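All remarks here apply to the structure that follows.
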Amino acid sequence: DTAVSQTPKYLVTQMGNDKSIKCEQNLGHDTMYWYKQDSKKFLKIMFSYNNKELIINETVPNRFSPKSPDKAHLNLHINSLELGDSAVYFCASSSDRAATNEKLFFGSGTQLSVL
Amino acid sequence: QKEVEQNSGPLSVPEGAIASLNCTYSDRGSQSFFWYRQYSGKSPELIMSIYSNGDKEDGRFTAQLNKASQYVSLLIRDSQPSDSATYLCAADRGSTLGRLYFGRGTQLTVWP
């Protein structure tokens with residue numbers, strides 16, 4: 001069984017479109033994250049949710065809206081896609097908010113290509 | 001200003017050698033440090049964590065932390081071709097729980 005699963009794995013779309021990425025974890029973790037990894041491998045946190053509550057919202061454009069219907073799911077909706085949004089988006093989860101227990105379990109990533 | 005800096009490499013070592021990966025961080029509030037390994041096209045996976053000054057060993061991996069110098073390193077002994085990957089250094093944002101800052105990664109190639 002996959003611990004953190006996200007879909008789709010690949011997403012190719014035109015500029016201006018709206019798209020969603022879904023993420024689910026079956027580890028029983030309370031905290032979930034969205035990370036963005038650019039073409040130079042720079043991995044940057046976007047959002048963090050703890051028990052459906054938004055904890056971290058980095059300086060991400062308002063076009064990005066996370067939604068957590070329950071603590072096992074964290075979806076990412078992106079409006080009006082731009083070329084600069086092309087990247088790999090990783091969902092992750094951890095069992096504890098405390099940084100000392102910050103073992104992140106990552107999903108397999110979603111390669112988003114905006115044309 | 002970047003929070004975590006790594007030499008991007010690539011670093012190339014022969015099989016059986018020691019690979020040394022280095023990382024510096026700028027936030028003195030950081031208390032926890034991590035090394036993640038990422039194979040090409042795959043997701044990062046945690047291989048080492050360190051919280052106290054000094055060395056921490058786990059099999060062929062040794063993490064070293066020097067908070068005074070704000071320096072973290074990872075040594076891989078008896079390097080194997082299967083160790084070829086990008087290694088990401090991460091540090092927590094001391095003042096904000098649940099937030100990790102990653103470096104840009106060092107690409108390691110171990111040739112047979």
Side-chain angles (χ1 to χ4, degrees), chain A residues 2-7 9-10 21 23 25 27 29-51 53-60 71 74 87-111, chain B residues 1-11 21 23 25 27-52 56 58 63 65 67 72 85-108:
Chain A
T2 303
V4 182
S5 59
Q6 55 182 109
T7 56
K9 187 168 177 62
Y10 300 98
I21 307 172
C23 180
Q25 54 94 4
L27 297 168
H29 289 167
D30 291 332
T31 308
M32 297 185 71
Y33 312 81
W34 278 110
Y35 278 85
K36 178 181 180 180
Q37 188 170 46
D38 64 21
S39 58
K40 296 185 178 180
K41 293 287 192 181
F42 185 41
L43 193 61
K44 186 173 181 180
I45 191 167
M46 300 173 68
F47 301 103
S48 170
Y49 271 74
N50 179 263
N51 268 321
E53 179 187 355
L54 180 64
I55 301 300
I56 295 171
N57 183 348
E58 283 291 293
T59 51
V60 177
K71 74 174 191 178
L74 180 62
V88 179
Y89 292 83
F90 285 102
C91 177
S93 71
S94 66
S95 62
D96 198 313
R97 286 178 57 189
T100 51
N101 293 321
E102 198 81 43
K103 178 174 182 178
L104 296 174
F105 291 79
F106 284 90
S108 58
T110 296
Q111 173 79 61
Chain B
Q1 183 178 355
K2 296 179 182 177
E3 288 81 11
V4 177
E5 298 252 14
Q6 295 181 251
N7 289 331
S8 61
L11 175 65
L21 306 165
C23 169
Y25 61 95
D27 188 345
R28 285 199 173 273
S30 295
Q31 297 295 318
S32 309
F33 306 88
F34 308 86
W35 284 98
Y36 282 79
R37 177 177 61 199
Q38 186 175 23
Y39 292 112
S40 180
K42 302 295 184 181
S43 57
E45 58 177 332
L46 181 68
I47 55 172
M48 288 289 286
S49 58
I50 187 166
Y51 312 112
S52 305
K56 179 182 177 183
D58 184 0
L65 173 61
K67 290 186 179 180
V72 190
T86 296
Y87 289 80
L88 303 170
C89 175
D92 74 283
R93 178 75 180 271
S95 61
T96 305
L97 296 180
R99 177 179 293 175
L100 281 186
Y101 288 101
F102 284 84
R104 291 186 179 272
T106 298
Q107 185 179 343
L108 171 67

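Throughout, protein chains are lettered first and strands after them, A, B, ... in sequence-line order, and every chain is numbered starting at 1. Any value given below was found using the heavy atoms of this structure, including those in side chains, with hydrogens, waters and symmetry copies removed. Quick caveat: nothing in here was measured; it's all calculated off a predicted structure.
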Subject >> Part of B:Gln107 lying under 4.5 Å from any heavy atom of chain A >> reply: neither
Subject >> Interface moiety of B:Tyr101 toward chain A, non-hydrogen atoms closer than 4.5 Å >> reply: side chain
Close side-chain approach of [X] and [Y], heavy atoms under 4.5 Å:
X       : Y       : result
A:Trp34 : A:Cys23 : yes
A:Ile55 : A:Thr31 : no
B:Trp35 : B:Cys89 : yes

Original post:
Under a 4.5 Å heavy-atom cut-off, does chain B meet the side chain of A:Gln111, its backbone, both or neither?
Top reply: neither
**OP:** State which residues pass salt bridge (Lys or Arg N to Asp or Glu O under 4.0 Å) with B:Asp58; sequence neighbours excluded, sorted by chain then number.
**Re:** none
